[in-house]
2 protein chains.
Amino acid sequence: MADPTAPAPRRRPTILDVAAAAGVSKGLVSKVLSGSAGPSAATTKRVLAVAERLGYRKDRNATLLAKKRTRLIGVTIQPSNVYQGELAEEIQSTVDAAGYETVLGAMTATHDERRAIETLIDFRCEALLLLGPTMPEAELAALVEDVPTVCVGRPLNLPGVDVVRADDQQGISDVVDHLVALGHRRIAHVDGGPGPISAVRREAYQAAVLRHGLEAVVLPGGLTERHGAEALRHLDSGAGVTAVVAFNDRTALGLIEALESGGLRVPADMSVTGFDDSLMARHPRMALTTVSQLTLEQARLAVQAATDRLDGVHQERREILLPTRLIVRGSTGLSPR
Amino acid sequence: MADPTAPAPRRRPTILDVAAAAGVSKGLVSKVLSGSAGPSAATTKRVLAVAERLGYRKDRNATLLAKKRTRLIGVTIQPSNVYQGELAEEIQSTVDAAGYETVLGAMTATHDERRAIETLIDFRCEALLLLGPTMPEAELAALVEDVPTVCVGRPLNLPGVDVVRADDQQGISDVVDHLVALGHRRIAHVDGGPGPISAVRREAYQAAVLRHGLEAVVLPGGLTERHGAEALRHLDSGAGVTAVVAFNDRTALGLIEALESGGLRVPADMSVTGFDDSLMARHPRMALTTVSQLTLEQARLAVQAATDRLDGVHQERREILLPTRLIVRGSTGLSPR
DNA sequence: GTGAAAGCGCTAACAA
DNA sequence: TTGTTAGCGCTTTCAC
């Protein structure tokens, strides 16, 4: 019951179709389409017109297979993470400008970091940008052994892997100085849980309070509002704490929520600080004192590090620390005692 | 000055290397690696072991080129958009479970929607999931003419394109009903700017106030806090407005910020509502009355629509509207008059 | 300036 | 069960 008037199941045109329609060889078409010098102006024009008319598009898989270099840079990302999203967007633009292309490898519940990285390698990416990788270092080392890799946003000490991240230590140190200047003498820290960034901030906190001759009080925490709220339970053991340095903005906001629902005022009874300078921190109702990172700059430098390696500019391992900036808002005030 | 002890620039092993090392043909290796029934248990074991030892990974480009079907589903995404990130994450999981794979096409400043879609098509994606596409409809129609496409999160009336989105009309209608029940008789709307979703919500607002015999007051706005704040300028022409239905949470929060910095109290002097039920809306300091969408359900249904088409389950165009839920919080209260 | 032909690394149909 | 072979659609020498 075939309908003779129905259009043939339109096979997507190949380079051969274009070549035939333009009356040239496929080799010439390839040269025209990749913009290499050689083809005459007349041929170029004709081929381009035919390709356009046929709605021709190169098959990317075939192209990449045939090419010696792919000029592909793979980026792992957790799509639901706002910071990584912003990073990825800037990375994409920078990579574009550098004459490379990006491939995103999403990490989700069913698709862990290892799989994401493997997929990117399978695409024959020439370099990898890992946004806040969480894999065990040894595994990661084995996985990216043969491909230039840049780790963004967390410390990582692997031979061939460049690192670009914010100077968290400086950021936390500034926060503590700020609180001390306000007269606080008992300053606690809500931890970010396991993970290398938490460790950096925790240690920075400990070093900073020690420097001021104060005692370190570390409360178990995590990355989200819930963890911040729960940290309060550990706080109320009457230790006389008047200020809390939270791991990040979300943790801080969760803590504030819990404090206020318990009848305490911020900052009158308790000062609280965050980290990230997120959108929420900026709203006057929140007015969170926090630390701002140069996110876009991180993206640019990470791409730079990768392309520099690919272009043979540098060989040795690089670790780039970007400055942070303390943003003082209304969640911190003079110590009540 | 070549160092004779330096390892040869390790060429990545191909299927031929594995075949040679295992003493079988590359065809057999291919079968083993793709898990097809045929190879004996002994061969399978041996080949797998060799592949493992050599650190062999299939070249994805070669694989995809050789295969008849790619089982690839392309997803366009604005990485910095939180909702799209959440959607993408759930989409990836669902696609995974359906035996397909996703490819993300990021849209950025240098890489617009057209390019993102073209790239996905170039990968030979079998279907496309467009998250909140913004291209002109006619262009979009021509672009996705030959590939099954699902539009997520905005209305779109194109012959072959399925649509999955929240029932914004219902959501806005509920909001207006809620305000009217609180005694408000003069309710304004801060618009979301150009774009199809704004149109839907604006019209829903107009229909809803009309239904209550009230006058429609539409203020120019946009998607972010800034637009919400600016809307205030248009509001203060003493029109006696006591409640504002903002396009989304961000617009609403910007408006609240501006109102309060002008000395007005929310909701005592003015009730304000948002849309999205974002993280910020939930914080007690914000306590924004808003509308919640079933984001994850949208992701699942969108994937379902795509795979159903690919599996030949349905042919006709589908438009799926998901219910919304009014979340009443502290930003709305009794009308002051 | 243009064409011919040899791959790129894999799959899949067919033979053995 | 295993091997052989012809592509997949493109790039890239190397002649002409």
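Atom OG1 in A:T70 sits 6.5 Å away from atom CG in A:L64 (nearest 0.5 Å). Taken from OG in A:S93 to CZ in A:R300, the straight-line distance is 9.5 Å, to the nearest 0.5 Å. From B:L48, atom CG reaches atom CZ of B:R53 across 13.0 Å, with rounding to the nearest 0.5 Å. Note that the CG atom of B:L120 and the CG atom of B:L104 stand 8.5 Å from one another [nearest 0.5 Å].
Separating the CZ atom of B:R12 from the P atom of C:dC8 is a distance of 15 Å, rounded to the nearest angstrom. Atom CG of B:N61 is separated from atom C1' of D:dG9 by 12 Å (rounded to the nearest Å). Distance, B:R60 CZ to C:dT11 C1': 15 Å, rounded to whole Å. A:D59 has its CG atom 18 Å from the P atom of D:dG7, to the nearest Å. The interatomic distance linking A:L65 (CG) with C:dA6 (P) rounds to 17 Å, in whole Å. Separating the CD1 atom of B:I15 from the P atom of D:dG3 is a distance of 12 Å, rounded to the nearest angstrom. If you take CG of A:L33 and C1' of D:dG9, they are 12 Å apart, rounded to a whole angstrom. When rounded to the nearest whole Å, the span between CG of A:L64 and C1' of C:dG7 equals 16 Å.
In terms of phosphate contacts, B:T43 brings no side-chain nitrogen or oxygen within less than 4.0 Å of OP1 or OP2 of D:dT1. Between B:T14 and the phosphate of C:dC8, there is no side-chain N or O to OP1/OP2 separation shorter than 4.0 Å. Between A:S25 and C:dG3 there is a side-chain N or O to OP1 or OP2 distance below 4.0 Å.
In this model, a donor atom of one side chain and an acceptor atom of the other lie less than 3.5 Å apart for B:T102 and B:Q92.
Looking at A:D59, its side chain does come within 3.5 Å of a backbone N or O of A:N61 through a donor-acceptor pair. For the pair B:Q298 (side chain) and B:R165 (backbone), a donor-acceptor distance under 3.5 Å is absent.
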**Residues A:E86, B:S80; criterion side chain to side chain donor-acceptor pair (under 3.5 Å); working and verdict** = CA-CA 5 Å; A:E86 286 178 10; B:S80 63; over 6 Å; no
**Request:** Verify salt bridge (charged side-chain N to carboxylate O under 4.0 Å, His left out) between B:D162 and B:R309, making sure each step is shown before the conclusion.
**Result:** CA-CA 10 Å; B:D162 292 328; B:R309 257 185 206 274; 2.8 Å; yes
**Message:** Pair B:T295, B:E90 - check side chain to side chain donor-acceptor pair (under 3.5 Å), show working.
**Reply:** CA-CA 9 Å; B:T295 313; B:E90 187 68 15; over 6 Å; no
For nucleotides 12-16 of chain C, tabulate all protein N/O to nucleotide N/O atom pairs closer than 3.5 Å, reporting atom names and distance.
none

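Using a 4.0 Å cutoff on non-hydrogen atoms, no part of residues 116-126 of chain A comes near DNA chain C.
Overall, the helix from C:dG1-D:dC16 to C:dA16-D:dT1 carries an axis bend of 40° between its ends, with five pairs at each end and the value rounded to 10°.
Between A:R71 and A:E101 no salt bridge is recorded (no basic side-chain N to carboxylate O distance below 4.0 Å).
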